[in-house]
Every structure is written in structure tokens, then in C-alpha cells.
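Each chain gets a letter, A, B and so on, in the order the sequences are listed, and its residues count up from 1.
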There are 2 protein chains.
Amino acid sequence: MTYTEHLIAYYKKVASECISGVSLDCVIFGFHDTKLKVLLLRWKDTKEWSLPGGFIYKAESVDAAAERVLHERTGLNQLFLQQFHLFGDAVRYDQNDTLRRQKMPDLLFGICPDRTITMGYYALVDYTKVTPTADFLSDECVWCDVSDLPSMLYDHRQIIDVALKTLRLQLNWQPIGLNLMPEKFTIPELQRLYETVLGRPLDARNFHKKITGLSILTRLNERRTGGAHKSPYLYHFDRVNYEKALINGNLIFV
Amino acid sequence: MTYTEHLIAYYKKVASECISGVSLDCVIFGFHDTKLKVLLLRWKDTKEWSLPGGFIYKAESVDAAAERVLHERTGLNQLFLQQFHLFGDAVRYDQNDTLRRQKMPDLLFGICPDRTITMGYYALVDYTKVTPTADFLSDECVWCDVSDLPSMLYDHRQIIDVALKTLRLQLNWQPIGLNLMPEKFTIPELQRLYETVLGRPLDARNFHKKITGLSILTRLNERRTGGAHKSPYLYHFDRVNYEKALINGNLIFV
DNA sequence: GCAAAAGTGTTCCAGTTACACCCATGT
DNA sequence: ACATGGGTGTAACTGGAACACTTTTGC
């Protein structure tokens, strides 16, 4: 099968087996090297990027479809994954321009519906555990810095903006730290995450006092060595206490 | 046209002109007589109730469709209306049971899609300004107390539960008071609203101090007379300051 | 030894909570 | 007159914000 045949077969399959006119897109956040990242796909033979997304089988739960997409792109299961907005404008983007930038064959114009609404999900994942995996529509799947995004297809730039806004709002109420950090991490690293999401510096003493005061962290008998300076302690989350603190609404950072 | 003919014509029109397999439902909140209310429809010739809902035309924005539904049932425009959850489970409710309870003619079984996902919206309206208006599928459209809901079709009971949970979470950040209260109201009335939504009593002195301290209320030279006791002052919202306080994140009630 | 990051405690202020009495009104 | 809800102030407490110095490490 040529790429074009593959493409047409895929969209025909979607048209017959999936809910028509509805898609979903995942904004997958990771944190690495003091930067907040999102996982993006580069469309085959182009320099155009898009969010990992997909369609919903006629008898499939929408949340399950999002998990499926996420699993295919990251290799991970049981992720923190949440709906954040339905993008349902009558005209979300310039469809002809998008198809042209995607280098889609004209044949597809008849197969794709005129207008699609998309459910936005955001996911928080441990950067170190992800194996970014491209799909057959894409040349590559890579982490991109949210503050330095490439040219995006569709309205995916706006979708990322809304996801970021939601992330900031929910930082205080959701287990953001738990899901974005690796197993073991230092308090300054966690602080960098909070600073990155909130977009402003935090006082190290207050941060330390507060985060340890919640008793959701356990200090390990290990330090992160190899840095040029004093070795910080490694911690890991105490998931049980973390859940408790969330339920009690104690996790508030301002 | 008989009712059955009308019904079939409607669902055929929906099948041809609307996005198939997708609907929206509105949880319309009002506040009256110290009770939080939702607007419900009683299905024709039955004792079964449902939320006002509808379908999305193929070239219509989903938000616009929600506004349309809301306008048709309340007569109001420019309402506080917000997405809160996409209900997308593979099996949301027992479809045969529901059709039976709705007394739908068997003819419809072929027209309606097997499975529908629905976008949940919630609206906050001024009870006194609403003219509840039934549609042709319903015998009546009335306000029901959220703590005393009748037998509901579909998964609408769960949808209301999720809407209520969202309302409680957003009480501190959204202009709940502004949208649920009439033009003029007293502070004790507003306190009843907050108490009702939060589900617990608040201290009158602290509430008064706090709400007036935000300078989002203007005291009028009028009092509410006719009550059996001391006449409370009437207030109205200062919308400009209200917006400011929201932006600054000052509107927090705990 | 030196530059840079990690670790730690105290004080101050603001905002929340708890609490009691007098006033106005309709019955 | 009286019962009921409306209106108001103060004191204690809690949690967040501001702030500086010592320790450790690799270079």
C-alpha cells in the first residue's frame, strides 16, 4: 500500500466505524530540564505539527478513546487524563488551508466531514517514562517546549493555550506534581515545576516548608549527586497522604 | 399532524440536519424561596422528567446550540452558560427501558442512533425573569427543587449531580451570585444562596463583612418591607467591581 | 578557595473564625 | 409586648509572605 492508499483506507475506516464529525485531541504535558513540554506529531513530509488525536469508535467510551490515543503515543496506561474543553465552533480553522499544509490528497475532501468538533483532553505524564511513538500519518513524535511551539495545524495552538490555562487553574487542586515528576525527585526540581506552570518564582524556604508540611513527601536516604553544588535530597511522593491532602483541599499554592 | 407523526418528523429532521450521535443537555439553575432549582421538562403523557436538551445543526457552534436551547426554554438571552462535562460512556443508560418509559413509538427505534454522547452545560439564571416554556415533546416545563428531584429519564440524574458538584467547586471563582440573584436583593437572601450551594450555614456577621468588604455591592435607599421582621436593605451588584474582584481572585467563600 | 545551589527558622501581617447584643418590624 | 430575623464590632487564631545566613559540592 502506498501512503496515499493507506491514508484513504484510514479515513474510510474512520468514516464507517467512528462517530462522525467528532474527534478528540490530547495535550500531553511533561516536565524536563525545567521546561514544560507537550508531545507533538509532525505531519508526514511536512513541517506542520499537530496534537495527538483520534476518533471515537461507535461503541467506545470517549474517555476510553482518549486513553487509547494516549497509550499509542506514549506507551503508558493509567495516566492522569482529563477533559478540559469541547472545541465546537462552527468554523474552528480554515479547512482548505489546513488540508493544503498537510499535503492531503484531494481525494480526501469528499471523505472527511465538512466540520468536526473536538473534545480536548489534557494528560500529565512522567517525561522519563514516555516512549514517544509516531503514527503512520506522522514523521516524528517529539516533546516540544510550550514556550517555543512550532507551526501548528488546525486550531491546535489555541487548544494548547486553553489547556495551559486550565493547568494553571487546576495546579492547586489536582495532583499535578505527582503526575509530572519522576519517581524520585528533589524539592528544588518540584519547585521549578510549580514555577514553570505558575509563571513566577516562588520563595524556596516557603515552598520547602509548605510542601514538606503537607506530609505528602518522604525523604529518601539518597541525594542527587553530580550537580555542581550541594547535593539535594531525593524524595518520593506518599500517594496515600497525597490523596488525603487533595480531598481535604489542602493543596493550595499561591 | 398527530403527535406521533410530529415526533417522527422531528427525529428525521434531526437525523438529516444535525450532527449525529451528539446532543447537549442544559442544567439550568435558579434560586427561589431559599431553594436551588433546576428547570425540567415532563415528557408528553408520562410522569418521566428530563433536562432541556437538543441537537447541534451541522454548521452550528455547539455553544450557540446550547444558547438556543436555553433561550427556547427560558426566553432569556446572554446567559451565564458553561460547559462542564462531556458524558461519553459507551452505555450511558438502558436505552430500551428509557424509550419504553418515554412511551416512544417503536418506529423511532430505527431513526435514533444506537448511542449518543452529550455535552453538559450549566446555566445560572434569574428565577424571576424566566418564563418556563415546554417544547412539543413535553407536557410541562417547571422548576424543581434540586433536593427533591422526580424520576428522571436517561442519565439526567447523574448529569445534575455532576453539575451540582461543578457549581460548588466554581462558587468561589465564578459570578454565581450575580447570575442567580434578581436585580435587587438583600444580603441575607444572598447568604441563603451561598448556604444552599455550599450545603452548610455561614455566619451572618462574617458573611456581611466579607461580601460588603469586596465592594461589589451597592446599598440602595430601599428596604424589603412586608417581611414579619426588621426590614433588610436592598442591594444590587456593581458589575464593574464584580468583574475586577473575580479577575483578582478575591471572591473566595469558605 | 570560590561560586552556586541547598537547606533551614522567625517575624509580621492579613484574612478567617468565633462570638453577643441591640434594633426594627408585623402580628 | 413579643417573637423573629436584621444589623453590627472585636478578639484570637491560622496561614502566607518576607526575609539572611550557613552548608555543601564541583571546579
Side-chain angles (χ1 to χ4, degrees), chain A residues 33-35 171-173 177 181 184-196 198-236 244-246 248-254, chain B residues 33-35 171-173 177 181 184-196 198-236 244-246 248-254:
Chain A
D33 195 19
T34 78
K35 302 272 198 245
L171 182 60
N172 303 330
W173 313 101
M181 297 305 281
K184 298 174 182 179
F185 54 89
T186 70
I187 290 186
E189 285 163 4
L190 185 62
Q191 187 182 335
R192 294 297 104 66
L193 166 62
Y194 275 87
E195 289 175 333
T196 304
L198 293 173
R200 62 191 170 81
L202 298 173
D203 181 273
R205 284 160 294 187
N206 292 336
F207 186 83
H208 189 281
K209 198 192 323 169
K210 188 151 183 179
I211 200 85
T212 53
L214 295 167
S215 40
I216 58 173
L217 297 183
T218 311
R219 189 158 94 174
L220 305 171
N221 289 324
E222 279 181 87
R223 286 154 171 263
R224 166 99 62 218
T225 54
H229 313 295
K230 181 171 178 177
S231 311
Y233 289 101
L234 285 166
Y235 287 77
H236 71 80
K244 274 189 214 157
L246 273 180
N248 297 335
N250 291 337
L251 293 187
I252 303 180
F253 289 80
V254 188
Chain B
D33 195 20
T34 78
K35 304 271 198 245
L171 182 60
N172 303 331
W173 314 100
M181 298 304 282
K184 298 175 183 179
F185 54 88
T186 70
I187 290 187
E189 284 162 4
L190 185 63
Q191 187 181 336
R192 294 297 103 68
L193 166 62
Y194 275 87
E195 288 175 333
T196 305
L198 292 172
R200 61 190 171 80
L202 298 173
D203 182 273
R205 282 159 297 189
N206 293 336
F207 185 82
H208 189 280
K209 198 192 325 170
K210 189 150 184 179
I211 200 85
T212 54
L214 295 168
S215 39
I216 57 172
L217 297 183
T218 310
R219 188 158 93 174
L220 304 172
N221 288 325
E222 281 180 85
R223 287 153 171 263
R224 166 100 61 221
T225 54
H229 312 296
K230 182 171 177 176
S231 310
Y233 289 100
L234 285 166
Y235 287 77
H236 70 82
K244 275 190 213 155
L246 273 178
N248 297 334
N250 292 335
L251 292 188
I252 303 178
F253 290 81
V254 189

Find the distance [X]:[atom1] to [N]:[atom2] and express it as a whole number of Å.
X: A:Tyr233; N: D:dT24; atom1: OH; atom2: P; result: 9 Å
X: A:Asn206; N: C:dT10; atom1: CG; atom2: C1'; result: 11 Å
X: A:Leu202; N: C:dA6; atom1: CG; atom2: P; result: 14 Å
X: A:Leu220; N: C:dA6; atom1: CG; atom2: C1'; result: 17 Å
X: A:Leu198; N: D:dG16; atom1: CG; atom2: P; result: 14 Å
X: A:Arg224; N: D:dG26; atom1: CZ; atom2: C1'; result: 16 Å
X: A:Leu190; N: C:dA6; atom1: CG; atom2: P; result: 13 Å
X: A:Glu222; N: D:dT24; atom1: CD; atom2: P; result: 19 Å

Looking at every strand, decide which applies to B:Arg219 at a 4.0 Å heavy-atom threshold: base, sugar-phosphate, or nothing. sugar-phosphate

Can you tell which of [options] lies closest to the side chain of [X]?
X: A:Pro188; options: D:dG7, C:dA6, D:dC19; value: C:dA6
X: A:Lys230; options: D:dC19, D:dG26, D:dT23; value: D:dT23
X: B:Ser231; options: C:dT25, D:dG7, C:dG7; value: C:dT25
X: B:Pro232; options: C:dG7, C:dA18, D:dG7; value: D:dG7

Does B:Lys35 offer a backbone N or O that forms a donor-acceptor pair with the side chain of B:Asp33 under 3.5 Å? no

Please tell me if B:Lys210 has a side-chain N or O lying less than 4.0 Å from either OP1 or OP2 of C:dG15. no

Phosphate OP1/OP2 of D:dT8: any B:His208 side-chain N/O under 4.0 Å: yes

Residues A:Glu195, A:Arg192: salt bridge by 4.0 Å N-O rule: yes

For [X] versus [Y], what's the shortest heavy-atom pair and its separation?
X: B:Tyr233; Y: B:Leu220; value: CD2-O, 4.3 Å
X: B:Ser231; Y: B:Arg224; value: CB-O, 3.3 Å
X: A:Thr196; Y: A:Thr34; value: OG1-O, 3.6 Å

Ranking B:Thr186 and B:Asp203 by the position along DNA chain D of their nearest nucleotide, the one closer to 5' is B:Thr186

I'd like to know if B:Arg205 reaches the base of C:dA20 with its side chain such that a donor and an acceptor end up less than 3.5 angstrom apart. yes

Any donor-acceptor pair under 3.5 Å between the side chain of A:His229 and the base of C:dA4? yes

Select from A:Lys209 and A:Arg223 the residue whose nearest nucleotide in DNA chain C is closer to the 5' end of that strand. A:Arg223

